[in-house]
Every structure is written in C-alpha cells, then in structure tokens.
Amino acid sequence: PPGPWGWPLLPGVTFSSSKPVQLAVTDLASTYGDIVSFYRGPVLTVALNSYDVIREAFVKNAEVFSGRPKPLNPTIATFKTKGVVQEPYGPTWKEHRKFTLMSLRDFGVGKRSLEGKILEETKALGDNILSKGNQSFCISEMMQVAVSNVICSIVFGSRYDYDDPKFTELIE
C-alpha cells in the first residue's frame, strides 16, 4: 500500500510532527488514501483509515487478516509453541483457544461464583487501604496482592492476608 518513505538508515523516522502516531496516520489518509503503510523500526505497519476498509478486511476477508505479527522479542520467537497469544491463526490456534476457554470456564470465569470472590477481595483491599490511615503506601503492591488473591481463591480455594510474609515473598 502507498505511504511515506522512511529514511534509509532510520526507517522508523517517518513522522516529523509532534502529534501522536495515531493522529499522524489519520492525517496521512488524506494524502495516501484509506490504506497507508509505513515502517515503525524494522516492522512494516499497515493502517486502515475508514469503516468500509476495516469492514472489508476484518469481516469479508477475516481468514487473511486473522494472523499475528511476529514477536520482536527474540526470546519469545524461539519457543516452539506460542500458546494462544502468539500462535498464528489456524487449526493449532483454534485448538489452544478452545482448551483455554474450557479451562477458564471450569475455574469459574464468566460465572456468578467468580463475582463473589472478586467482591470479597475488593472489601479486603478497601479495609487494608483504610488501615494505612494517613501513612503513605504503594498501591501497586496492594493491587498485585489483590489480583493474586483472586487467582489463589479460584485455583486453591483460599486467599492470603496482605501481611503474610510467605505470600509477599512469592509475589516479589
């Protein structure tokens, strides 16, 4: 597809404006049309800029546009199996997706029973925040414990206190 050319040594330097890339690509649509290609580093990127083009790509030609980009991280790229996230669209991806959804449903995802576990942990998180009073604290660590507790209550059937040294050691 048409698009701006990158500099030979710096292929990612396509946009010289101070706008975010999403807005700069929208501006390029007026020059190059509804389908614009450009490089972001070594990766060729294609942007679809109208409802009709997006609909044609993802609804009418879904099989063609259902693939995944190759990972830039060499560690991920060397794994033989890529799971649901990095697996290219095809029979293996469909099988992995089906297994993942069945397993998650077995653990209660999408059922009302999961809501109770989340509400219980939300109450515990609120109580822990209130117990800090006027002291400063790191909310991200508390959120990590809260999310981990929801997962533990689903998988193991029990949760841990926010002050449990063994649990915080496992999270770190």
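As the structure is a prediction and not an experimental result, all values here were calculated from the model.
The minimum heavy-atom distance linking Tyr162 with Ala146 is given by the pair OH-CB, 3.5 Å. The heavy-atom pair separating Gly33 from Asn49 by the smallest distance is O-ND2, 4.2 Å. Shown here for Val46 and Ile35, the closest heavy-atom pair between the two residues is CG1-CG2, 3.8 Å. Closest of all the heavy-atom pairs between Thr168 and Pro165 is OG1-O, 3.0 Å. Leu48 and Phe58 get closest at one heavy-atom pair: CD1-CE1, 4.0 Å. Ser30 and Asp27 get closest at one heavy-atom pair: OG-O, 2.7 Å.
In terms of modelled atom types and a separation under 3.5 Å, the side chain of Asp161 and the main chain of Asp163 share no donor-acceptor contact.
To the nearest 0.5 Å, the span separating CG on Asn61 from CZ on Arg55 amounts to 11.5 Å. To the nearest 0.5 Å, atoms CE (Met142) and CG (Leu125) are separated by 7.0 Å. Interatomic distance, Thr122 OG1 to Glu120 CD, rounded to the nearest 0.5 Å: 9.5 Å. One finds the CZ atom of Phe38 at 7.5 Å from the CG atom of Leu28 (value rounded to the nearest 0.5 Å). Note that the NZ atom of Lys60 and the CG atom of Asp52 stand 8.0 Å from one another [nearest 0.5 Å].
A continuous path of ILVMFWY side-chain contacts below 4.5 Å connects Ile154 to Phe156, so both sit in one hydrophobic cluster. No continuous path of ILVMFWY side-chain contacts below 4.5 Å connects Ile151 to Met143, so the two sit in separate hydrophobic clusters. Cluster annotation: Val155 and Leu170 are assigned to distinct hydrophobic clusters (Ile/Leu/Val/Met/Phe/Trp/Tyr, side-chain heavy-atom contacts under 4.5 Å, transitive). No continuous path of hydrophobic side-chain contacts links Val150 to Val145 [ILVMFWY only; heavy atoms under 4.5 Å].
When the shell of 6.0 Å around CZ of Phe137 is examined, it contains more than 12 heavy atoms from other residues, nucleotides or ligands.
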_From CA spacing to verdict: side-chain contact (heavy atoms from CB on, under 4.5 Å), Ser153, Lys117_ = CA-CA 7 Å; Ser153 67; Lys117 295 178 188 327; 3.6 Å; yes
*Could you walk me through whether Ser103 and Thr100 pass the side-chain contact (heavy atoms from CB on, under 4.5 Å) check?*
CA-CA 5 Å; Ser103 299; Thr100 302; 5.8 Å; no
_side-chain contact (heavy atoms from CB on, under 4.5 Å) for Cys138 and Glu141? Distances and angles first, verdict last._
CA-CA 6 Å; Cys138 181; Glu141 290 175 8; 3.9 Å; yes
*Report the C-alpha separation of Val147 and Glu121 in whole Å, then their side-chain angles, then the decisive distance to 0.1 Å, and conclude whether the side-chain contact (heavy atoms from CB on, under 4.5 Å) test is met.*
CA-CA 8 Å; Val147 170; Glu121 194 55 42; over 6 Å; no
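Between Phe167 and Cys152 there is a side-chain heavy-atom pair separated by less than 4.5 Å. The side-chain heavy atoms of Ile139 and Ile129, taken from C-beta on, include a pair separated by under 4.5 Å.
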